[in-house]
Peer 1: 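Questions regarding the structure given below will be posed in turn.
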Amino acid sequence: MGAIYKKELKSYFTSMIGCVFLAILLIIISIYFFVVNLLNMVADFSTALNAITFVVVLLIPIITMRIIAEENRQKTDQLLLTAPVSVTKIVIGKYLALITLYGIAMLVLCVYPLIMTMYGEAQLAQSYSSIFGFFLMGGAYISIGLFISSLTESQVIAAVISFVVMIFTYLMSSLAQLLPSDHFSVCIIMCMIALILAVIVHMMLRSAYLTAGVAVLGVAASIIVYLVKPSLYDGLIVNIMSWFSVVARFSSFSLGIMDISSLVYYLSVMFVFVFFTILKIKKKRWS
Amino acid sequence: MIEVKNLVKDYYGNVAVNGLSFTVEAGEIVGFLGPNGAGKSTTMNIITGYISATEGHAIVNGYDVFDEPEKAKKSIGYLPEQPPLYLEMMVKEYLMFVAELKKVKKSERASMIADIMELTKIADVSGRLIKHLSKGYRQRVGLAAAIVGYPEILILDEPTVGLDPNQIIEIRELIKSLSKKHTILLSSHIMQEVDAVCDKIIIINRGELVAYDTPANIAKVMEESRELIVTVKGGEPQVRTAIDAIGGIKEIKYLTVGDKVIIKIKMQENVDVREAVSFALMDIRCPVLDMRLHEVSLEEIFLNLTGANKEAE
């Protein structure tokens with residue numbers, strides 16, 4: 001695990017990607033910090049961070065795209081998977097390297113609230129809580145990027161898919177408002193979600209029975225709920241969509257609230273996607 | 001020791017390995033031979049734990065690769081078909097990474113890598129980026145990576161591909177010298193190579209074992225196809241009567257070309273009829289223009305074994 005962690009971290013700085021990532025991230029955050037906090041004299045760093053969550057969405061794919069896709073393409077995964085190291089350790093080593101790279105930027109950000117104290121009283125607790133939240137949000141996005149990188153051999157495809165998925169999660173809560181909310185439409189959307197799930201199951205496991213099972217059960221459940229207790233569908237779509245809205249959870253941190261549910265949410269996203277990545281790599285050996 | 005039992009690999013209906021079983025004893029060099037797509041690389045990938053088998057077991061040094069992968073992998077050094085190199089790393093940096101990955105003690109790493117670079121003759125490029133190296137050097141860096149940690153078993157997938165004749169000889173020498181301490185399974189589709197280095201040969205075709213024996217024994221198996229070809233000046237009936245009188249012949253064919261007769265004789269085991277044929281032809285005053293014993297090379301055996309398989313289908 002240590003070997004892979006060191007190798008990955010080192011490769012970010014020998015290949016410049018790491019430097020470029022840190023530079024762009026910090027430059028953009030610094031500009032916002034300068035404009036929002038210093039010029040407009042807002043004593044709360046979270047305002048600046050809140051305004052630039054999209055930067056994370058734009059930049060994370062740059063560092064996650066190659067992390068596994070490149071190993072697949074160069075066949076260097078053969079070295080890693082035939083070495084006496086478990087897949088879990090390989091993936092965790094890689095994930096920790098990514099988190100460390102992102103964490104370096106967060107450490108630099110920790111200096112910014114202190115700069116504000118030079119000009120007056122800054123809201124330090126709120127600022128640091130939002131930096132912590134920003135770190136967790138990045139960690140969650142990195143785990144998604146890691147998983148997507150394991151699905152392909154091409155860095156470009158990994159980057160594009162990660163980008164689309166991240167934009168989607170970013171816009172999720174606003175998209176949810178646009179969808180119809182009457183019971184019948186919700187029922188149809190639920191059926192569609194069940195079918196999409198079935199397709200995903202098919203792509204992952206290639207088992208006809210399981211695919212059919214998921215599709216039939218999902219559709220049947222949606223229709224039964226519609227017929228028996230349609231009130232369950234009240235606001236369901238908005239709720240479901242907001243589960244996927246990774247950015248939305250950041251807002252509680254930026255208010256200075258150490259919200260346990262958001263913390264658990266981010267940690268679960270990280271865990272789930274790192275776990276998926278491990279499964280994906282293990283599964284590749286079985287196909 | 002490598003034990004492969006009834007290995008099957010099925011890629012969605014495309015069977016790459018079909019019920020393969022063999023054992024490689026400690027200290028042996030075994031050549032793994034087969035035409036392209038015979039399932040050599042697939043079998044090696046299964047033994048090293050890179051991919052799983054649909055059925056069957058691969059046991060390395062007493063550890064099942066599927067049940068105790070980390071222990072089994074610890075005793076294997078693997079050079080895949082395409083050496084798994086990080087192109088943006090320097091040679092020494094890469095080998096240090098491999099050593100750490102293979103859990104070589106920190107105090108031993110530097111000296112072990114220096115020794116291995118000396119052994120594989122890559123010490124002169126230790127500070128260069130791998131992406132700037134030629135194919136031959138890359139192959140040797142891959143081989144060096146397989147040797148790192150001195151695993152008991154080396155599995156080499158076409159180790160001499162892409163090398164020039166001098167390098168091929170060097171690598172063969174290296175493999176021979178390694179065999180003193182390691183058990184080696186190497187694959188190739190070049191017969192001479194396997195013939196030159198290996199104690200035993202496994203021939204597979206379409207995922208099935210065709211033959212597993214020493215090179216000499218495999219040659220012996222095919223000895224009956226050894227042919228004596230004689231070209232005689234004279235008439236066929238005359239020659240026929242003379243030759244038919246000789247014993248020890250298993251099969252015979254005559255072919256008349258102009259005023260010459262070409263005789264193809266398959267001899268019985270442990271019988272040499274050359275003298276008798278020569279005297280018989282002298283007695284009827286038919287001059288022998290050419291007589292040669294056609295020994296079957298391993299190449300032909302290989303073609304024969306794998307080709308015969310195809311016909312059977």
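Bear in mind that the values here come from a model prediction, so they are computed numbers and not experimental data. Letters A, B, ... are given to chains in the order of the sequence lines, protein chains preceding strands, and every chain is numbered from 1.
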Peer 1: How would you list, by chain and number, every residue that makes a side-chain hydrogen bond (donor to acceptor under 3.5 Å, both in side chains) with A:Ser150, sequence neighbours excluded?
Peer 2: none
Peer 1: Taking side chain as everything from C-beta outward and backbone as N, CA, C, O, which of these in B:Val98 sits under 4.5 Å from a heavy atom of chain A? Side chain, backbone, both or neither.
Peer 2: side chain
Peer 1: Examine whether an atom of B:Lys74 lies under 4.5 Å from a heavy atom of chain A, and if so say whether it belongs to the side chain, the backbone or both; otherwise answer neither.
Peer 2: both
Peer 1: Mind checking whether A:Phe275 and A:Phe271 have parallel, tilted or perpendicular rings, split at 30° and 60°?
Peer 2: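 A:Phe275 and A:Phe271: parallel rings.
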Peer 1: Check side-chain hydrogen bond (donor to acceptor under 3.5 Å, both in side chains) between B:Tyr137 and all other residues, then give those that pass, not counting sequence neighbours.
Peer 2: B:Asp124
Peer 1: Could you check whether B:Ser21 and B:Asn6, counting side-chain N and O atoms only, form a donor-acceptor pair closer than 3.5 Å?
Peer 2: no
Peer 1: Heavy-atom distance under 4.5 Å to chain A: side chain of B:Leu79, backbone, both or neither?
Peer 2: neither
Peer 1: Does one side chain, of B:Ser75 or B:Glu152, offer a donor that lies under 3.5 Å from an acceptor on the other?
Peer 2: no
Peer 1: Go through the atoms of A:Glu70 and report whether side chain, backbone, both or neither lie under 4.5 Å from a heavy atom of chain B.
Peer 2: neither
Peer 1: Pick one of side chain, backbone, both or neither for B:Tyr78, based on which atoms fall under 4.5 Å of a heavy atom in chain A.
Peer 2: side chain
Peer 1: Charged N to carboxylate O under 4.0 angstrom, B:Glu170 versus B:Arg140?
Peer 2: yes
Peer 1: Using a distance-only test with no angle check, is there a side-chain donor-acceptor pair under 3.5 angstrom linking A:Tyr112 and A:Ser30?
Peer 2: yes
Peer 1: For chain A, which candidate among B:Lys71, B:Glu81, B:Glu70 shows the most heavy-atom pairs at distances under 4.5 Å?
Peer 2: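 Highest number of heavy-atom pairs under 4.5 Å: B:Glu70.
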Peer 1: Just checking, any donor-acceptor pair under 3.5 angstrom between side chains of B:Glu158 and B:Ser188?
Peer 2: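 Absent: no donor and acceptor within the cut-off.
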Peer 1: Looking at every non-hydrogen atom in both residues, tell me the closest pair between B:His57 and B:Phe66 and how far apart they are.
Peer 2: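 For B:His57 versus B:Phe66, the nearest heavy atoms are CA-CE1, 4.1 Å.
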Peer 1: For B:Met96, is it the side chain, the backbone, both or neither that has a heavy atom under 4.5 Å from a heavy atom of chain A?
Peer 2: neither
Peer 1: Return the set of residues passing side-chain hydrogen bond (donor to acceptor under 3.5 Å, both in side chains) with B:Arg128 (not counting sequence neighbours), or none when no residue passes.
Peer 2: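 By the side-chain hydrogen bond (donor to acceptor under 3.5 Å, both in side chains) rule, B:Arg128 matches no residue at all.
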Peer 1: Which of residues 77-104 of chain A get closer than 4.5 angstrom to chain B, counting heavy atoms alone?
Peer 2: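 The stretch touches chain B at A:Asp77, A:Gln78, A:Leu79, A:Leu80, A:Leu81, A:Thr82, A:Ala83, A:Pro84, A:Val85, A:Ser86.
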Peer 1: Can you say whether A:Lys282 sits under 4.5 Å from chain B via the side chain, the backbone, both, or neither, judging by heavy atoms?
Peer 2: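 Neither part.
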Peer 1: Which atoms of B:Ala53 come close to chain A, meaning under 4.5 Å heavy atom to heavy atom: side chain ones, backbone ones, both, or neither?
Peer 2: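 Just its backbone gets close to chain A.
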